Participant: 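What follows is a structure written as structure tokens; I'll ask about it next.
Just so it is clear, the values below take in all heavy atoms, side chains as well, and ignore hydrogens, waters and symmetry mates. For the single chain, residues carry numbers from 1 onward in sequence order. Owing to the predicted nature of the structure, the values given are computational and were not obtained by experimental measurement.
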Amino acid sequence: MASSPTVLMRLMASAYSVAHRAGTIVRNVMTGGDLGIVEKCGPSDLQTKADRLVQMSICASLARKFPRVTIIGEEDLPSHDVDEELIEDGQCEEILKKAFPPQYSSIKEEELVVWVDPLDGTKEYTEGLLDHVTVLIGIAYEGKAIAGVINQPFYNYEAGADAVLGRTIWGVLGLGAFGFQLKEVPAGNHIITTTRSHSSKLVNDCISAMNPDNVVRVGGAGNKIIQLIEGKASAYVFASPGCKKWDTCAPEAILHAVGGKLTDIHGNPFHYNKEVKHMNSAGVLATLRNFDYYASRVPESVKQALVP
């Protein structure tokens, strides 16, 4: 007889269903027409009705099933008195059938930290750049990103009226990643994906030093990692503070699950304990392959400017 699902398996199966529901909420808010936009810290730091509803949905749904898990969301919102319509209690049966790595079998609820970005690429969402938008749920254990879910609410949105919208990608370190077709940029091509709305001289100096064949500027950390694993870019370079732990936890877990690497601009790993500061002060460098090629080309001036 098969053993009962571990805490991590159950949490991942729930996170998948919760992320799927989140994608529906994001699309419904867009269809409704009133995005409810407010500025948090300026015109490039926005929050919408979708950010608020999705965070409440994710955090309340997971907290109800896993009350001892620490859940940290981007938005500063109450976690109580959440509308029952926002609660998702389903779980992905496919995930429960997987053979999870044995090193995770004895993990306790209270040892897990969940990092939630309810709408990664909010600015792009408000501008109608819908393919940039993702929902991110990352799971950390002992400070390390070990599992993640990325929902793309508008995947396929340019495929016509009859297209099925949205997809959910997920991965676990030591198990693999699912929901997409892994592809690499052709050997010898150096395509860098970077920020669309938070550029600076430092960001551009770092990219120039890598002598790329092409630079793709898009929104959302989740979107950029998808570009790496689907062969549209070979490196994600962001030589600037600004990214937070909820931006990188889920993407990092999925990237690492397929053999990639995500660090700060110095090559230092991120830590996702519940006590850590939220800001990734020393930027982000990520690749599916050939990490050392890009890391060796980061200028010393950039490293000196970005203190971990």
Side-chain angles (χ1 to χ4, degrees), residues 1-23 57-59 61-73 88-117 134-152 166-182 221-222 225-226 228-230 245-263 269-274 276 286 288:
M1 190 173 105
S3 58
S4 59
T6 64
V7 168
L8 181 61
M9 289 172 73
R10 292 189 293 108
L11 180 56
M12 274 301 289
S14 292
Y16 183 100
S17 294
V18 167
H20 184 76
R21 164 68 73 92
S57 175
I58 293 173
C59 294
S61 298
L62 294 179
R64 185 173 291 193
K65 277 193 171 182
F66 306 94
R68 292 187 296 279
V69 168
T70 299
I71 303 172
I72 303 171
E88 173 58 57
D89 64 359
Q91 53 186 13
C92 175
E93 294 299 325
E94 177 199 342
I95 292 177
L96 294 176
K97 292 173 185 171
K98 297 282 186 185
F100 271 50
Q103 66 264 35
Y104 302 140
S105 59
S106 59
I107 291 177
K108 299 179 178 68
E109 257 188 51
E110 56 269 26
E111 296 175 314
L112 293 169
V113 182
V114 175
W115 293 87
V116 177
D117 190 338
T134 60
V135 175
L136 306 175
I137 304 176
I139 300 172
Y141 170 63
E142 295 183 338
K144 186 176 181 180
I146 62 166
V149 180
I150 301 177
N151 179 273
Q152 268 188 303
R167 67 169 169 175
T168 304
I169 292 168
W170 67 280
V172 177
L173 208 55
L175 177 64
F178 309 88
F180 67 99
Q181 191 67 47
L182 184 67
I225 295 306
I226 291 172
L228 296 184
I229 61 178
E230 293 195 320
K245 296 296 186 297
W246 44 72
D247 293 308
T248 53
C249 187
E252 176 181 324
I254 290 170
L255 183 63
H256 285 193
V258 294
K261 188 170 181 178
L262 185 149
T263 69
F270 290 121
H271 300 285
Y272 295 96
N273 316 71
K274 61 186 176 184
V276 298
L288 178 59

Participant: Can you name the residues that form a ring-ring contact (aromatic ring centres under 6.0 Å, His included) with F100, not counting sequence neighbours?
Facilitator: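 None.
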
Participant: Which pair of heavy atoms, one from L175 and one from K98, lies closest together, and at what distance?
Facilitator: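 Shortest heavy-atom separation between L175 and K98 comes out as CD2-CB, 4.2 Å.
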
Participant: Hey, does I226 have a side-chain heavy atom less than 4.5 Å from the side chain of Q152?
Facilitator: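 SC-SC contact between Q152 and I226 confirmed.
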
Participant: Tell me, do T134 and I169 make a side-chain contact under 4.5 Å, heavy atoms counted?
Facilitator: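 No, every pair of side-chain atoms sits at 4.5 Å or beyond.
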
Participant: When you compare the side chain of I229 with that of F180, does any pair of heavy atoms fall below 4.5 Å?
Facilitator: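 Answer yes - side chains close enough.
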
Participant: Determine, step by step, whether V7 and K108 satisfy the side chain to side chain contact (heavy atoms under 4.5 Å, CB included) criterion, reporting the C-alpha distance in whole Å, the side-chain angles of both residues, the deciding distance to 0.1 Å, and the verdict.
Facilitator: CA-CA 7 Å; V7 168; K108 299 179 178 68; over 6 Å; no

Participant: With sequence neighbours left out, what residues match D89 under side-chain contact (heavy atoms from CB on, under 4.5 Å)?
Facilitator: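 D89: side-chain contact (heavy atoms from CB on, under 4.5 Å) contacts with K65.
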
Participant: With side chains defined as the heavy atoms from C-beta onward, is the minimum distance between V116 and I71 less than 4.5 Å?
Facilitator: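 Result yes, sub-4.5 Å side-chain heavy-atom pair found.
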
Participant: Can you tell if the side chain of L173 reaches within under 4.5 Å of the side chain of P101, non-hydrogen atoms only?
Facilitator: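 No, every pair of side-chain atoms sits at 4.5 Å or beyond.
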
Participant: Can you give me every donor-acceptor pair (side chain of residues 141-151, partner residue at least two apart or in another chain, under 3.5 Å) with its distance?
Facilitator:
residue : atom : partner : partner atom : Å
N151    : ND2  : R167    : O            : 3.3
N151    : ND2  : T168    : OG1          : 2.9

Participant: Minimum heavy-atom separation for G222 to P251, with atom names?
Facilitator: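 Smallest interatomic distance, heavy atoms only, reads CA-CG, 4.0 Å.
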
Participant: Sorted by first residue and then second, give each side-chain hydrogen bond (donor to acceptor under 3.5 Å, both in side chains) pair with at least one member in residues 246-258; sequence neighbours left out.
Facilitator: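 For residues 246-258, and leaving out neighbouring residues, the side-chain hydrogen bond (donor to acceptor under 3.5 Å, both in side chains) pairs sorted by first residue read T248-Y272, T248-N280, E252-Y272.
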
Participant: Between P5 and M9, what is the shortest heavy-atom contact and its length?
Facilitator: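 Here P5 and M9 meet closest at CA-SD, 4.0 Å.
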
Participant: For side chain to side chain contact (heavy atoms under 4.5 Å, CB included), just list the numbers for V114 and I58, CA-CA rounded to whole Å, side-chain angles, deciding distance to a tenth of an Å, and then say yes or no.
Facilitator: CA-CA 10 Å; V114 175; I58 293 173; 5.8 Å; no

Participant: Are any non-hydrogen side-chain atoms of V69 and I139 less than 4.5 angstrom apart?
Facilitator: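 No, every pair of side-chain atoms sits at 4.5 Å or beyond.
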
Participant: Find the distance between OG1 (T6) and CG (L96) and round it off to the nearest 0.5 Å.
Facilitator: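 With rounding to 0.5 Å, OG1 (T6) is 9.0 Å from CG (L96).
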
Participant: Rounded to the nearest 0.5 Å, what separates atom NE2 in H271 from atom NZ in K245?
Facilitator: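 One finds 9.0 Å between NE2 of H271 and NZ of K245.
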
Participant: With heavy-atom distances below 4.5 Å as the criterion, would you say the side chains of Y104 and V172 are in contact?
Facilitator: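 Yes, close enough: below the 4.5 Å cut-off.
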
Participant: Not counting sequence neighbours, which residues clear salt bridge (Lys or Arg N to Asp or Glu O under 4.0 Å) with R21? List them please.
Facilitator: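 R21: salt bridge (Lys or Arg N to Asp or Glu O under 4.0 Å) contacts with E88.
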
Participant: Side chains of F270 and V276: closer than 4.5 Å at any heavy-atom pair?
Facilitator: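 A side-chain contact is absent here, since even the closest heavy-atom pair is not under 4.5 Å.
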
Participant: Name the atoms and distances for all side-chain donor-acceptor pairs under 3.5 Å in residues 10-19, with sequence neighbours left out.
Facilitator:
residue : atom : partner : partner atom : Å
S14     : OG   : R10     : O            : 3.2
S17     : OG   : Q91     : N            : 3.3
S17     : OG   : C92     : N            : 3.4

